[in-house]
Amino acid sequence: MTSPDVLVRVATAHGVTTLTLDSPHNRNALSTALMTQLLAGLAEAVADEAVRVIVLDHTGPVFCSGADLKETAMAYASGTVPAGMLGDVLAAVWECPKPVLARVAGPARAGGLGLIAAADLAVCADEATFAFTEVRIGVIPAVISATVLPRLHPRAAAELYLTGDTFDGRRAAEIGLVTASVPADGLDDAVRGYCDSLVRGAPAALAGAKDLLRRPATAELRAELARLSAVSTGYFLSDEGREGVMAFRERRLARWVPAPDGDPGEQAG
């Protein structure tokens, strides 16, 4: 029996464990396999007393494209969707007693934004792009709201949740999604600088400081994630959710998008 593909690579040096999403063939989508490996990597880093900081990194041009929609479409027959596992991942990052820093060199969408928001610190390249595209495929950004909404300015959240429009790294920093946005060639230096500062903190003190910063409290977050996971699953299994996922995979407009003038009923490919 062959071992599963390694989708999350783990490397530790100088007190910093880097968990690298390594599934570029599907833009580091949050498949069940990738999320399982990410949870295992987080648990291992937490258990290792030599690890002081955890960095979330990625291979390929995309940080994370969100839910694995191919896996989602295949799972419809079972009445469950992989997005239901996302809550466990976000809770593990949010509750982690060690500082977690996201290094974002490229685009992030949907669940990838929840992952960034769950991290204590996030540094992105100015050129990185972001979007809450859920409404465009007939679902809503339910699960990720538990970590995203405490970060975002309310007006920005309303604009970006409802329009699904794309924004860049500088805007992400302005609205609180990331800690800092820097030129691409300065990204590694910025991440290194934060790590150098974080490892200077006493482990127990860092964990205590994180307790002060957590909103909502851990128990409330778990309950909220469970509720939002159920809401998210309901949208994915709805008629609109199924149509939206299929339209995305087939590279066409969903049926609810108004047809161009003079061409009733036809959708662009």
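The model shown is predicted, which means the values in this text are computed figures rather than measured ones.
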Answer yes or no: is there a side-chain heavy-atom contact under 4.5 Å between Leu30 and Val89?
no
Pairs meeting criterion salt bridge (Lys or Arg N to Asp or Glu O under 4.0 Å) with involvement of residues 34-46, two or more places apart:
none
Contacts of Asp196 meeting salt bridge (charged side-chain N to carboxylate O under 4.0 Å, His left out) (sequence neighbours excluded), chain-then-number -> none
Electrostatic pair Asp188-Arg103, nearest N-O below 4.0 angstrom
yes
Check ion pair Asp239-Arg242 (N to O, under 4.0 angstrom):
no
Between Glu243 (side chain only) and Arg255 (backbone N and O only), is there a donor and an acceptor less than 3.5 Å apart?
yes
Rounding to 0.5 Å, atoms CE (Met35) and CG (Leu90) come to a distance of 9.5 Å
With Asp168, which residues qualify under salt bridge (charged side-chain N to carboxylate O under 4.0 Å, His left out), at least two apart?
none
Test: Arg214 and Glu95 ion pair at under 4.0 Å:
no
Are there over 12 heavy-atom neighbours, none belonging to Tyr161, within less than 6.0 Å of that residue's OH?
yes
Enter the distance from Arg151:CZ to Ser145:OG here, rounded to the nearest 0.5 Å.
13.5 Å
Output the distance between atom CZ (Arg136) and atom CD (Glu134), rounded to the nearest 0.5 Å.
11.0 Å
What are the two closest non-hydrogen atoms of Thr36 and Thr32, and how far apart are they?
OG1-O, 2.7 Å
Would you please name every residue forming a side-chain contact (heavy atoms from CB on, under 4.5 Å) with Glu240, sequence neighbours left out?
Ser238, Trp256
Is the shortest side-chain N to carboxylate O distance from Lys98 to Glu49 below 4.0 Å?
no
Side-chain touch Val51/Val16, heavy atoms, less than 4.5 angstrom
no
Main-chain N/O of Ala146 paired to Glu224 side chain as donor or acceptor, under 3.5 Å:
no
Taking side chain as C-beta onward, heavy atoms only, is Leu152 less than 4.5 Å from Phe132?
yes
Main chain of Arg27, side chain of Ser65: is a donor-acceptor contact present, judged purely on distance under 3.5 Å?
yes
Only counting residues at least two apart or in another chain, list the ones meeting side-chain contact (heavy atoms from CB on, under 4.5 Å) with Ala172.
Phe130, Phe167, Leu177, Val178
Considering only distance and modelled atom types, tabulate donor-acceptor pairs under 3.5 Å from the side chains of residues 107-123, sequence neighbours left out.
residue	atom	partner	partner atom	Å
Arg109	NH1	Thr129	O	3.0
Arg109	NH1	Thr129	OG1	3.3
Arg109	NH2	Thr129	OG1	3.2
Asp120	OD1	Lys210	NZ	3.3
Asp120	OD2	Val100	N	2.8
Asp120	OD2	Lys210	NZ	2.7

